[in-house]
Each structure stands twice: as C-alpha cells, then as structure tokens.
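No experiment lies behind these values; they were computed from the predicted model shown.
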Amino acid sequence: QRSKAGETGSQHAQAIGVSRHAINARLRGGSKQSRSDSLTKYTLDEGYFSEVDTPEKAYLLGFIATDGCVNETRSKPELQIVLKAQDAPHLETIARLLGSDRPVRTYTYGGYPFARFAARSERLAADLAKFGVTPRKTFTLDWPTLRPDLYRHFVRGLCDGDGSFFVSNKKQVTPHLCFAFIGSERLTPAFLGHLCQECVLPAVTLNPR
C-alpha cells in the first residue's frame with residue numbers, strides 16, 4: 001500500500017495484526033461481483049505487457065511486482081492490486097494505463113478502508129509471468145531483462161510499492177535520511193546491485209529478515 005511516511009504494505013498490514021496476504025485473501029473472498037457487474041463487459045488492453053518498451057510500462061511492471069499479485073481463479077487468472085483507500089486515485093491511473101474502465105472498488109477490513117482493482121485475463125497473466133509475476137511470485141520474481149534506459153522507471157515502481165524513506169533518530173547518531181526496500185530473496189540482491197552501481201554506493205549488507 002502506498003502511504004505517507006513511507007509505510008509499506010507489509011508494515012500497514014502488521015499495524016492491524018494481519019499479513020498482507022490475509023488482507024488480499026479477505027478482499028478476494030468479500031468482493032464477489034454484483035449482478036450488474038457480472039453482466040458488464042469491461043475493457044482491458046490484454047496485450048499491454050506483451051512488450052515492456054515505455055517508461056510507464058516499466059514503472060507499472062515494478063509496481064505490480066511489489067504491490068500486485070496474480071491469483072488463480074476458476075475462470076481466468078486475475079491481476080489484483082490492493083492499496084489504502086486514500087490511494088484509490090493511483091489505482092484509477094493504473095486502470096487507465098491498462099485500458100480498463102472497470103471501477104476501483106473500496107472495502108473495509110479490520111476497520112481500515114482499502115481500494116481494489118482487479119482484471120481477469122489469460123494473456124495479461126501469461127505476459128506478466130514472463131517477468132516472474134506469477135501466483136506465489138515470492139519464489140519466481142527475479143530481475144527482468146529490460147532496455148537499459150527503462151530500469152530507472154522499473155526501480156521507481158519497485159520503490160513506490162515496497163520502498164520507504166525515513167529519518168533515523170538513533171541515539172548518539174546524527175539524524176539522517178534512510179532508504180529501505182523489502183523484497184524476495186531473488187529480486188532484492190539484484191535490485192541492490194543495480195542501485196549501488198547506478199548511484200555509486202558502497203556495498204550494503206542485506207538483512208535476511
């Protein structure tokens with residue numbers, strides 16, 4: 001979930017005592033289509049990720065890689081993105097990028113309001129799978145092969161999803177700005193290597209937690 005003060009989706013889920021996966025599962029279970037929805041044919045650019053060749057596609061790939069998920073359903077695979085309700089406009093922008101007119105819905109879980117966008121498409125899911133965005137993507141997500149000029153936009157999407165900035169106020173240390181990123185065991189080392197190279201940073205030790 002995008003939020004102020006650099007709060008990641010995992011941190012927000014912890015604040016209400018559940019995992020982010022639990023929130024997603026609850027929203028999937030509690031978001032059955034109404035009769036009017038089931039009779040409506042929504043638009044979708046199913047070939048949007050057939051090629052990642054623009055800054056906006058690279059950004060959205062990074063954002064989905066961190067804050068999105070692909071679910072297996074009885075009919076078609078479903079791309080789902082759940083954010084805090086205050087970030088519903090961001091989901092509406094994503095829907096427009098994907099050529100979808102499906103409305104962004106809001107729900108409440110544990111007293112916290114959330115916004116949800118979902119789109120079902122076998123082709124969209126297959127194209128995302130080429131970049132490791134699959135069901136249970138923790139075990140498949142890896143650093144993608146993109147044009148060199150598009151990596152900065154992919155990284156921007158990753159940071160918007162699971163990155164955070166905060167001020168360290170540890171005792172006996174001058175307050176300073178910090179950046180943190182939480183990701184899978186396969187993606188995070190590659191992300192770190194890229195960041196150190198492009199920003200000329202010293203080696204950083206990964207925290208296995």
Side-chain angles (χ1 to χ4, degrees), residues 1-46 48-49 56-57 59-129 131 133-138 141 157-164 182-184:
Q1 286 80 4
R2 299 173 72 244
S3 64
K4 298 179 180 178
E7 184 182 70
T8 66
S10 299
Q11 290 169 337
H12 188 77
Q14 290 172 3
I16 59 175
V18 299
S19 70
R20 184 166 58 178
H21 299 296
I23 292 176
N24 289 342
R26 177 63 178 269
L27 291 177
R28 287 198 302 272
S31 58
K32 296 180 179 179
Q33 290 180 320
S34 66
R35 179 170 176 79
S36 59
D37 276 349
S38 65
L39 297 177
T40 302
K41 177 69 174 179
Y42 295 109
T43 62
L44 178 68
D45 181 2
E46 297 188 64
Y48 184 83
F49 284 113
E56 68 177 24
K57 289 182 181 181
Y59 166 82
L60 189 50
L61 177 63
F63 191 79
I64 290 174
T66 49
D67 252 2
C69 62
V70 174
N71 302 314
E72 296 171 331
T73 71
R74 293 182 178 179
S75 55
K76 298 179 180 179
E78 178 186 71
L79 167 65
Q80 176 183 247
I81 308 174
V82 178
L83 305 178
K84 292 175 63 176
Q86 69 188 53
D87 291 323
H90 194 58
L91 284 183
E92 292 167 356
T93 297
I94 289 174
R96 289 197 298 271
L97 291 178
L98 291 173
S100 175
D101 58 0
R102 188 185 184 99
V104 171
R105 305 294 188 186
T106 57
Y107 306 89
T108 299
Y109 180 80
Y112 287 80
F114 292 91
R116 176 181 182 270
F117 169 76
R120 294 186 179 185
S121 167
E122 292 181 353
R123 181 178 178 184
L124 188 67
D127 287 336
L128 285 172
F131 298 100
V133 182
T134 65
R136 298 170 294 280
K137 67 179 185 298
T138 298
L141 190 60
L158 292 178
C159 294
D160 239 7
D162 273 343
S164 63
I182 300 174
S184 69

May I ask you to test the Lys57-Leu61 pair for a side-chain heavy-atom distance under 4.5 Å?
no
Looking at every heavy atom in both Ser75 and Arg120, which two are closest together, and how far apart are they?
OG-NH1, 3.0 Å
Start with the C-alpha gap between Glu46 and Ser121, add the side-chain angles, then the distance that decides, and say whether side chain to side chain donor-acceptor pair (under 3.5 Å) holds.
CA-CA 7 Å; Glu46 297 188 64; Ser121 167; 2.6 Å; yes
Working to the nearest 0.5 angstrom, can you tell me the gap between Leu98 CG and Phe117 CZ?
5.5 Å
Starting at OG1 of Thr93, measure out to CD of Glu56 and round the result to the nearest 0.5 Å.
11.0 Å
Quick check against the 3.5 Å criterion: does Lys137 have a side-chain atom that pairs as donor or acceptor with the backbone of Gly68?
yes
Set of residues satisfying side-chain contact (heavy atoms from CB on, under 4.5 Å) with respect to Asp101, sequence neighbours excluded:
Tyr42, Thr43
Would you check if Thr134 and Leu141 make a side-chain contact, meaning some heavy-atom pair closer than 4.5 Å?
no
Can you give me the closest heavy-atom contact between Ala115 and Val104, atom names plus distance?
CB-CG1, 4.0 Å
CG (Leu158) and CZ (Phe63) are apart, to the nearest 0.5 Å, by 11.0 Å
Separation between OH of Tyr48 and CG of Leu97, rounded to the nearest 0.5 Å:
4.5 Å
Value rounded to 0.5 Å, distance of CD1 in Ile81 from CG in Leu60
6.0 Å
Separation between CZ of Phe114 and OG1 of Thr106, rounded to the nearest 0.5 Å
12.0 Å
Residue pair Asn71 / Cys69: nearest heavy atoms and the distance that separates them:
OD1-SG, 3.6 Å
Could you walk me through whether Phe131 and Ile64 pass side chain to side chain contact (heavy atoms under 4.5 Å, CB included), step by step?
CA-CA 11 Å; Phe131 298 100; Ile64 290 174; over 6 Å; no
Heavy-atom check, side chain of Arg136 versus side chain of Glu72, under 4.5 Å:
yes
Do Val82 and Tyr107 come within less than 4.5 Å of each other through their side chains, counting heavy atoms only?
no
Answer whether the closest heavy-atom distance between the side chains of Val70 and Pro77 falls below 4.5 Å.
yes
